[in-house]
There are 2 protein chains.
Amino acid sequence: MTAPSVSYEGHDCRMVSSVLARVGDKWSVLVVMYLGGGPKRFNELKRMIGGVSQRMLTLTLRGLERDGLVTRTVFPTIPPRVDYELTDLGRSLREPVSALGGWAQAHQDEIEASRAAFDKAAG
Amino acid sequence: MTAPSVSYEGHDCRMVSSVLARVGDKWSVLVVMYLGGGPKRFNELKRMIGGVSQRMLTLTLRGLERDGLVTRTVFPTIPPRVDYELTDLGRSLREPVSALGGWAQAHQDEIEASRAAFDKAAG
DNA sequence: CAGAATCCCGGAAGATACTG
DNA sequence: CAGTATCTTCCGGGATTCTG
């Protein structure tokens with residue numbers, strides 16, 4: 001019943017790993033999620049995410065842009081304005097990430113209980 | 001059509017992030033994937049994954065065990081034997097991870113092309 | 001406002017050696 | 001075989017400062 005629609009065996013598992021390395025990155029996920037609500041400006045994202053340094057946000061956005069998940073649009077005004085928006089590819093990522101989010105939500109308590117029990121047993 | 005079954009807005013996005021921090025971990029993913037094929041011993045996993053140090057594999061398995069995704073069974077024989085196996089929770093994770101794997105597979109070329117173009121433009 | 005540049009530190013992770 | 005222990009190296013990432 002939990003049979004995956006795509007089997008693990010039969011293709012290079014490392015590819016999944018490398019994609020998760022990007023997608024699973026803490027800030028990248030949050031950016032993709034928040035950009036799902038529409039285009040955002042730099043500081044707008046920074047405020048929404050909260051706890052991210054401008055350096056990390058810059059690097060994260062750069063990485064997402066490089067992978068074709070996000071577009072960067074500069075308005076040559078004063079003060080400058082830059083909009084970030086998901087590409088079609090970026091939007092298509094929301095679905096599988098959302099599935100993982102759903103899993104996280106469904107099993108969060110289970111995981112936390114397991115951690116507590118494990119930590120208690122190990123002292 | 002790409003409408004997610006679980007919306008991003010409406011629950012704490014950081015939870016998804018924290019789960020991805022574990023699940024998205026390079027070695028954790030690979031371990032879960034390989035254990036999907038049935039119970040494995042330590043060095044068996046090490047050989048299958050390849051490129052992982054015994055230290056990292058130990059830490060990864062410990063983390064997965066702590067989260068209740070993997071069970072560790074010790075056979076008090078000489079030489080010692082330890083089997084690692086996915087729990088029900090661990091098996092349930094395969095489905096959403098597989099979805100992400102499918103996405104990775106489907107868009108790999110697109111991503112690589114985007115990276116190449118980006119790197120070329122940036123010099 | 002949106003970044004670039006610089007400094008700096010703690011933790012992540014490899015290599016190696018030892019053990020029950 | 002399945003780890004633990006130790007050392008060391010590396011770099012992710014925060015804080016701060018400067019610019020177009």
Side-chain angles (χ1 to χ4, degrees), chain A residues 14 17-18 20-32 34-35 38-67 69-86 118-119 121-123, chain B residues 14 17-18 20-31 34-35 38-67 70-86 118-119 121-123:
Chain A
R14 274 150 229 298
S17 181
S18 91
L20 281 175
R22 157 137 314 285
V23 164
D25 170 63
K26 184 180 179 184
W27 303 124
S28 294
V29 185
L30 291 175
V31 166
V32 168
Y34 284 120
L35 284 185
K40 301 279 180 295
R41 301 179 58 174
F42 186 87
N43 279 336
E44 195 176 357
L45 272 174
K46 189 168 184 306
R47 267 190 308 274
M48 293 178 81
I49 295 180
V52 65
S53 63
Q54 73 285 60
R55 182 178 179 274
M56 284 318 295
L57 184 53
T58 299
L59 292 178
T60 299
L61 287 167
R62 199 80 68 212
L64 291 172
E65 190 193 357
R66 177 171 182 262
D67 285 359
L69 299 172
V70 159
T71 58
R72 179 173 182 272
T73 310
V74 180
F75 299 89
T77 59
I78 296 180
R81 169 191 178 133
V82 180
D83 274 16
Y84 291 93
E85 188 175 10
L86 289 182
F118 186 92
D119 293 347
Chain B
R14 274 149 229 298
S17 182
S18 91
L20 280 175
R22 156 137 316 283
V23 164
D25 169 65
K26 183 181 180 183
W27 302 124
S28 294
V29 184
L30 291 175
V31 167
Y34 284 119
L35 284 184
K40 301 278 179 296
R41 302 179 58 173
F42 186 87
N43 279 335
E44 195 176 357
L45 273 174
K46 190 168 183 306
R47 267 190 307 276
M48 293 178 82
I49 295 179
V52 65
S53 63
Q54 72 285 58
R55 181 178 179 276
M56 285 317 295
L57 184 54
T58 299
L59 291 178
T60 299
L61 287 167
R62 197 89 56 217
L64 291 172
E65 189 193 358
R66 177 170 183 264
D67 284 0
V70 159
T71 58
R72 179 172 182 273
T73 309
V74 180
F75 300 89
T77 59
I78 296 180
R81 171 192 177 131
V82 180
D83 274 16
Y84 291 94
E85 187 174 10
L86 288 183
F118 186 92
D119 293 347

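Below, chains carry the letters A, B, ... as their sequence lines are ordered, and counting in each starts from 1.
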Asks: On DNA chain C, does the nearest nucleotide to A:Pro80 precede the nearest nucleotide to A:Gln54 from the 5' side, or the other way round? Give the residue.
Replies: A:Pro80

Asks: Of all the heavy-atom pairs spanning A:Pro80 and A:Arg41, show the shortest one and how long it is.
Replies: O-NH2, 3.7 Å

Asks: Please report the closest heavy-atom contact between A:Gln54 and A:Lys46, naming both atoms and the distance.
Replies: N-CE, 3.7 Å

Asks: Check each of A:Ile49, A:Leu69, A:Val52, A:Leu86 against A:Val31 using the side-chain contact (heavy atoms from CB on, under 4.5 Å) test, and report the only one that passes.
Replies: A:Ile49

Asks: Atom CE of A:Met56 and atom P of D:dC11: how far apart are they, to the nearest Å?
Replies: 15 Å

Asks: Looking at every non-hydrogen atom in both residues, tell me the closest pair between A:Leu57 and A:Phe42 and how far apart they are.
Replies: CD2-O, 3.6 Å

Asks: Of the nucleotides C:dC1, D:dG3, D:dG14, which has the atom closest to the A:Ser53 side chain?
Replies: D:dG14

Asks: Compare side-chain N and O positions of B:Arg55 against OP1 and OP2 of D:dA5 and report whether any pair is under 4.0 Å apart.
Replies: no

Asks: Under 4.0 Å, counting only non-hydrogen atoms across every strand here, what does B:Phe75 touch: a base, just sugar-phosphate, or nothing?
Replies: nothing

Asks: Please determine whether a side-chain nitrogen or oxygen atom of B:Tyr84 lies at a distance below 4.0 Å from atom OP1 or OP2 of D:dC1.
Replies: no

Asks: Pick base, sugar-phosphate or nothing for A:Arg41, based on heavy-atom distances below 4.0 Å to the nucleic acid.
Replies: sugar-phosphate

Asks: Let's see if you can work this out: which of D:dC1, D:dG3, C:dG14 has an atom nearest to the side-chain heavy atoms of B:Trp27?
Replies: C:dG14

